[in-house]
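Order of appearance sets the numbers: ligands from 1, and atoms from 1 within every ligand. As the structure is a prediction and not an experimental result, all values here were calculated from the model.
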Amino acid sequence: SNGVEDYLTDEIQELLSTLPREKSFDGSYLYQYQGFWYRSIYIAGMISAHRHFQARDSDTILITCPKSGTTWLKALTYATVHRSRYAIEHSPLLTTNPHELVPFIDHPAYYLKINQSPTTSIFGTHIPYSSLPHSVVDSNCRIVYMCRNPLDQFISHWHFMLKIAQDRKMEPLSLEEAFESVSNGIQGFGPFWEHVLGYWKASLDNPHKILFLKYEDVIENTLFYVKKLAEFLGCPFSDVEEKLGVIEEISKLCSFENMKDLEVNKTGRLLPDRGPKNSDFFRKGKVGDWTNYLTSAMSESLKILMDEKFSGSGLTF
Ligand code: A3P
């Protein structure tokens with residue numbers, strides 16, 4: 001067993017039977033647990049992470065709401081932190097998907113890999129701030145959070161779930177139905193605004209612990225943010241490295257165009273016979289693709305909702 005089939009233990013089944021549930025974009029179910037919506041596998045994974053994941057002071061945890069740039073943030077951080085161990089032309093990122101190099105702490109399949117690899121120090125998760133394992137909050141480990149424009153995140157998420165539904169021959173929600181769900185806060189790891197605001201507020205309270213990034217800012221000025229990321233993680237680029245163009249090399253290695261065309265990301269899969277394909281994580285990589293999908297009534301209504309939810313926080317999109 002690879003641990004994925006086993007995740008629905010009696011305990012988890014029993015818990016699920018007590019939770020409110022709603023349709024997910026892919027036609028499966030999301031369950032409301034501790035104020036957020038999850039697929040069952042992530043509830044099992046989160047409970048397992050609460051019990052077993054022990055963050056160390058030297059760890060880095062990369063956190064996102066899904067489809068906000070997780071794969072990219074994992075690549076950038078991995079390349080930056082391990083730059084003296086691997087020259088760019090030998091980077092494991094050239095032959096391995098970022099989700100394999102930077103495992104999720106809350107996914108049963110990848111959790112097994114963590115146990116097998118005590119040297120791993122960079123992890124990923126979508127767990128909301130209020131439900132993080134205690135050791136992540138209480139240790140001196142660092143958190144990097146990346147958020148994305150909610151309209152682009154929605155369109156990216158909808159496409160991703162559509163592919164999953166096709167793969168599993170399920171009946172996905174229409175764009176209109178998915179839009180309705182998101183407007184009610186219902187999407188994996190949603191409500192979106194609760195997820196983002198949790199980390200936004202925590203980053204204001206503790207800026208040395210949590211670096212808060214926006215996908216759009218990093219797209220616009222990648223070099224600046226790679227430098228900032230390295231400083232935040234305690235491994236700043238030296239003057240020599242800067243002169244040699246190491247920051248440019250890392251940003252090029254991790255660029256959408258480069259990553260999407262790598263053999264491993266065109267043909268690979270994280271789990272041998274199920275789950276998303278590596279290629280599903282690379283769609284367009286653009287800012288503002290929502291304009292191609294949302295009617296003006298939809299975009300207006302979502303913008304008004306988000307303005308309302310984020311008002312007074314100091315965070316804008
Ligand atoms: P789109 O669907 O808008 O193209 P996540 O990694 O959190 O699952 O998010 C996936 C989104 O990030 C997708 O957005 C994907 O194309 C984009 N993405 C993946 N790799 C990227 C990269 N290296 N640079 C920029 N965007 C990237």
Side-chain angles (χ1 to χ4, degrees), residues 25-26 39 42 61-80 88 91-94 96-104 106-107 110 122-128 144-166 172 175 178 182 187-190 192 195-196 199 213-223 225-226 229 248-262 264-266 268-270 275-294 299 317:
F25 295 177
D26 67 356
R39 280 170 46 211
Y42 279 106
I61 320 286
L62 308 178
I63 312 184
T64 51
C65 201
K67 313 330 284 178
S68 300
T70 324
T71 317
W72 188 27
L73 180 62
K74 284 181 172 184
L76 287 171
T77 307
Y78 186 91
T80 300
I88 296 285
S91 174
L93 285 162
L94 293 167
T96 320
N97 180 269
H99 294 294
E100 197 146 329
L101 296 170
V102 179
F104 283 110
D106 53 337
H107 192 294
Y110 312 136
I122 313 171
F123 301 94
T125 187
H126 298 308
I127 297 177
V144 184
Y145 185 81
M146 187 182 265
C147 74
R148 188 178 188 187
N149 174 291
L151 283 65
D152 278 339
Q153 186 271 349
F154 167 54
I155 290 302
S156 180
H157 199 183
W158 183 67
H159 278 106
F160 185 78
M161 297 307 273
L162 211 58
K163 282 187 195 147
I164 292 191
Q166 279 164 0
L175 183 66
V182 161
Q187 61 170 307
F189 298 91
F192 177 86
H195 201 282
V196 173
Y199 284 99
L213 300 174
K214 287 184 184 169
Y215 179 90
E216 295 75 22
D217 291 346
V218 184
I219 287 269
E220 195 170 298
N221 200 346
T222 311
L223 304 184
Y225 284 101
V226 170
L229 180 67
E248 283 85 351
E249 281 184 355
I250 288 175
S251 118
K252 227 187 270 174
L253 169 71
C254 300
S255 71
F256 178 79
E257 289 71 26
N258 188 55
M259 298 236 84
K260 124 178 140 11
D261 285 337
L262 296 172
V264 62
N265 292 330
K266 284 200 288 197
R269 195 171 201 142
L270 285 167
K277 301 188 208 60
N278 290 350
S279 59
D280 295 341
F281 292 98
F282 304 91
R283 192 183 63 94
K284 274 197 185 168
K286 291 264 185 297
V287 173
D289 190 43
W290 62 264
T291 52
N292 297 314
Y293 295 93
L294 297 179
S299 63
F317 290 98

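Here Ala75 has no heavy atoms under 4.0 Å from ligand 1, in either its backbone or its side chain.
If you take CG on Asn97 and OG1 on Thr71, they are separated by 6.5 Å, rounding to the nearest 0.5 Å. Separating the CD atom in Glu216 from the CE atom in Met146 is a distance of 9.0 Å, to the nearest 0.5 Å. The distance from the OG1 atom of Thr222 to the CG atom of Leu229 is 11.5 Å, given to the nearest 0.5 Å. Between Lys277 atom NZ and Ile164 atom CD1 the span is 9.5 Å, to the nearest 0.5 Å. The line from CZ of Phe123 to CG of Asp106 is 12.0 Å long, rounded to the nearest 0.5 Å.
No heavy atom of Phe160 sits closer than 4.0 Å to any atom of ligand 1. Ligand 1 lies out of reach of His159, whose nearest heavy atom is not under 4.0 Å from it.
In the vicinity of Ser156, heavy-atom distances shorter than 4.0 Å reach the ligand 1 atoms 1 (P), 2 (O), 3 (O), 11 (C), 13 (C), 14 (O). Taking every non-hydrogen atom of Thr70 and a distance limit under 4.0 Å, the qualifying atoms of ligand 1 come out as 5 (P), 6 (O), 7 (O). Taking a cut-off of under 4.0 Å to the non-hydrogen atoms of Phe282, the atoms of ligand 1 that pass are 16 (O), 19 (C), 20 (N). Near Tyr215, the atoms of ligand 1 lying under 4.0 angstrom from a non-hydrogen atom of the residue are 17 (C), 25 (C), 26 (N), 27 (C). Applying the 4.0 Å criterion to heavy atoms of Ser255 picks out, from ligand 1, the atoms 23 (N).
Atom CD of Glu220 is surrounded by 12 or fewer heavy atoms from other residues, nucleotides or ligands within 6.0 Å. Lys284 NZ: more than 12 foreign heavy atoms inside a 6.0 Å radius.
Looking at Gly285 next to ligand 1, an N or O pair under 3.5 Å apart turns up. Note: no N/O pair closer than 3.5 Å links Ile219 and ligand 1 by distance alone. Residue Thr64 places no N or O, backbone or side chain, under 3.5 Å from any N or O of ligand 1. In terms of N/O distances under 3.5 Å, ligand 1 is approached by Lys284. Checking only distances, Arg283 does come within under 3.5 Å of ligand 1, N or O to N or O. Between Ser68 and ligand 1, at least one N/O pair is under 3.5 Å apart.
Aromatic ring orientation, Phe256 versus Phe282: tilted (interplanar angle from 30° to 60°). Aromatic ring pairs are classed by plane angle as parallel below 30°, tilted from 30° to 60° and perpendicular above 60°; the pair Phe281 and His99 is tilted. Taking the six-membered ring where the residue is Trp, Tyr199 and Tyr145 present parallel rings, their angle staying beneath 30° rather than reaching 60°. The aromatic rings of Phe25 and His157 sit tilted relative to each other, their planes meeting at an angle between 30° and 60°.
At the shortest separation from atom 6 (O) of ligand 1 among protein heavy atoms lies Thr71 OG1, 2.5 Å. Among protein heavy atoms, atom 23 (N) of ligand 1 sits closest to Cys254 O, 2.8 Å. Of the protein's non-hydrogen atoms, Lys67 NZ, 2.6 Å is the one closest to atom 8 (O) of ligand 1.
Considering only non-hydrogen atoms, atom 3 (O) of ligand 1 lies nearest to Arg148 out of His126, Lys74, Arg148, Met259. Taking all heavy atoms of Phe281, Trp290, Phe256, Trp158 into account, the minimum distance to atom 21 (C) of ligand 1 is reached by Phe256.
Judged by a 6.0 Å distance limit and a 45° cone about the ring axis, Lys67 is not positioned over the six-membered ring of Phe189.
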